[in-house]
Amino acid sequence: PHLVTFNGDFQTCKVAGAWPLIDNAYLAVSVTNEAVVPGSAATATTKITIIIKGGSDCAPERTYEAAVDSVPASFVDGSQWGGPLPPGSSALPSSALEHLVPVRIVDKEPGRHVEIHARHLGATLIVRQVGRYLTFAAKLPRDIAQQGAGREGLQLCVKGCPASERIDVATVLLGTGHGRHPSMPSSGRFYRSQTSESPSSLVKGMTRDAALALCREYNLTDYYLDSCMFDLMTTGDPSFSLAASRAQSDYLSLLPDAAYRLANRTWPLGASGSS
Amino acid sequence: CKVDHCTRQFQQAAMMSGVRRGPSPAFCVILRQYSDCLRSTARSCRGHLAYHSTITLVQNWNGDFNCSYIGGGSAPAPLPIKDNGRFRNHDHHSTSNLHAAKMEDSYSNDKTVTSSSAERTTSLEPTARVYVRPEKPLNSLPITGTNVVMEASPACTYQGRPEVTHCSFYGD
């Protein structure tokens with residue numbers, strides 16, 4: 001998966017298995033990643049678990065779990081909101097109550113896209129299913145996000161991926177082969193698919209030009225364009241271009257000054273036009 | 001309890017004068033009349049949910065639109081909100097603390113509980129503030145009966161530094 005850390009680092013990582021993205025006194029988010037193509041180190045997320053930790057009158061403990069084809073609009077206990085009600089509001093209809101409590105889930109697209117708002121943390125968490133995999137995005141106040149940064153332990157959103165888990169996107173996009181990761185496909189190589197209906201079929205990664213054309217359709221720029229091309233050249237699965245597009249739109253919507261942070265680069269790494 | 005009667009009067013006055021809700025003398029005058037009407041029926045509305053919500057709403061509008069400073073007659077007595085153990089007046093021009101204290105009585109159970117919970121929270125300071133979504137057109141005031149809309153819970157809103165950051169995890 002592609003990771004954008006709280007410090008604004010863009011990384012591509014293997015991180016197969018269960019990994020913590022956020023783990024502090026207020027919030028815990030962990031993901032489970034599976035190989036998208038056997039023989040390839042590229043993985044994608046199939047499960048996301050979010051725990052909003054209790055501990056004060058304002059903060060009810062809430063756990064949310066999403067898996068592929070199961071993106072509920074409720075916490076695991078069936079509730080859709082939590083926290084103390086403002087005085088005098090108990091007689092209000094539940095549709096109005098949801099806006100008043102500290103923690104709530106908003107069903108943006110049934111089964112596809114939910115938003116979790118934890119107002120007492122100033123946090124917005126977004127979970128989506130795009131194609132056969134899940135994506136996650138979070139907006140947090142910096143002092144909450146950095147809480148526990150100095151502690152031991154993994155928090156991919158805070159410290160990024162361990163060096164041993166990082167994948168160099170440029171080696172695939174440059175297609176130079178030099179320094180290319182041995183398990184990375186050059187464009188056009190074949191892999192046995194796990195995601196297609198007939199497991200025995202082979203997956204052909206897209207060529208660079210086909211990947212660029214498809215990624216361009218979503219007006220992707222900068223790292224989001226690179227990550228889109230990497231995914232299409234690795235798996236040949238077009239749904240990853242939509243995943244990159246959704247990730248970019250979440251980035252732009254969650255960060256007030258995001259537009260200034262993204263380079264308006266419309267050529268992928270190493271392409272001749274990327275002057 | 002004549003809260004509905006006062007609300008109807010307020011709506012009719014607003015519609016007839018064509019005044020839009022906002023910081024204007026004309027609206028403040030109408031708001032002042034509304035507040036007076038509500039006060040006149042306070043005794044018979046003790047414990048009446050819609051009444052208490054309406055009173056809070058009117059006082060918040062008074063604060064939001066600075067009616068105490070713009071004019072439109074003297075401001076309605078503000079409700080002191082207990083904050084961190086101290087009574088803090090919403091409006092420095094309160095006409096009589098005794099009157100306000102009396103009003104305080106009618107709410108104190110609710111507010112105190114919220115505030116005291118505020119006292120128990122850690123570094124995340126909740127606010128005790130209720131306000132309304134401003135874009136509602138005047139003639140569809142959500143004030144009657146159970147149709148009361150409040151925008152934010154009076155407690156549990158993040159109060160730390162506003163600087164935000166982002167993390168995302170997507171693709172393969």
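A quick note: this is a predicted structure, and the numbers were derived from the prediction, not measured. Residue numbering restarts at 1 for every chain, and letters A, B, ... go by the order of the sequence lines.
Proximity to chain B (any heavy atom under 4.5 Å) is shown, for A:Phe136, by both the backbone and the side chain. With a threshold of 4.5 angstrom between heavy atoms, A:Leu21 approaches chain B through side-chain atoms but not through N, CA, C or O. With a threshold of 4.5 angstrom between heavy atoms, A:Phe10 does not approach chain B through any atom at all. Heavy atoms closer than 4.5 Å to chain B are found in the side chain of A:Val15, but not in its backbone. Of the atoms belonging to A:Val31, it is side-chain heavy atoms, and not backbone ones, that fall under 4.5 Å from chain B. For A:Leu156, the part sitting under 4.5 Å from any heavy atom of chain B is the side chain, from C-beta outward, and nothing else.
Ring planes of A:His2 and B:Tyr170: tilted class, angle from 30 to 60°.
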Derivation and outcome, side-chain hydrogen bond (donor to acceptor under 3.5 Å, both in side chains), residues A:Asp143 and B:Tyr158: CA-CA 11 Å; A:Asp143 50 10; B:Tyr158 177 73; 2.5 Å; yes
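In terms of heavy-atom pairs under 4.5 Å with chain B, the best-connected choice from A:Ala137, A:Ala243, A:Pro141 is A:Pro141. With chain B as partner, the option from A:Gly8, A:Ala118, A:Cys157 having the largest number of non-hydrogen pairs under 4.5 angstrom is A:Cys157. Taking A:Asp9, A:Leu134, A:Thr12, A:Leu3 one by one and counting their heavy-atom pairs under 4.5 Å with chain B, the maximum is reached by A:Leu3. Looking only at heavy-atom pairs under 4.5 Å with chain B, the residue among A:Thr43, A:Asp257, A:Val130, A:Asn7 that has the most is A:Thr43.
Between B:Phe169 and A:Asn33, the closest side-chain pair of non-hydrogen atoms falls below 4.5 Å. Taking the side chain as every heavy atom from C-beta outward, A:Phe230 and B:Asp172 approach each other to under 4.5 Å.
Atoms OG and CZ, on B:Ser168 and A:Arg246 in that order, are 14.5 Å from each other to the nearest 0.5 Å. Going from atom NE2 of A:His120 over to atom OG1 of B:Thr157 covers 10.5 Å, rounded to the nearest 0.5 Å. Here CZ of B:Arg161 is found 10.5 Å from CD1 of A:Ile144. Values are rounded to the nearest 0.5 Å. In this structure, CG in A:Asp250 is found 12.0 Å from SG in B:Cys167, a value given to the nearest 0.5 Å. Annotation: the span from A:Leu140 atom CG to B:Glu163 atom CD amounts to 12.5 Å, rounded to 0.5 Å.
For A:Pro256 against B:Val164, the heavy-atom pair with the smallest separation is CD-CG2, 3.6 Å.
Applying the 6.0 Å contact sphere to NZ of A:Lys53 captures more than 12 heavy atoms from other residues, nucleotides or ligands.
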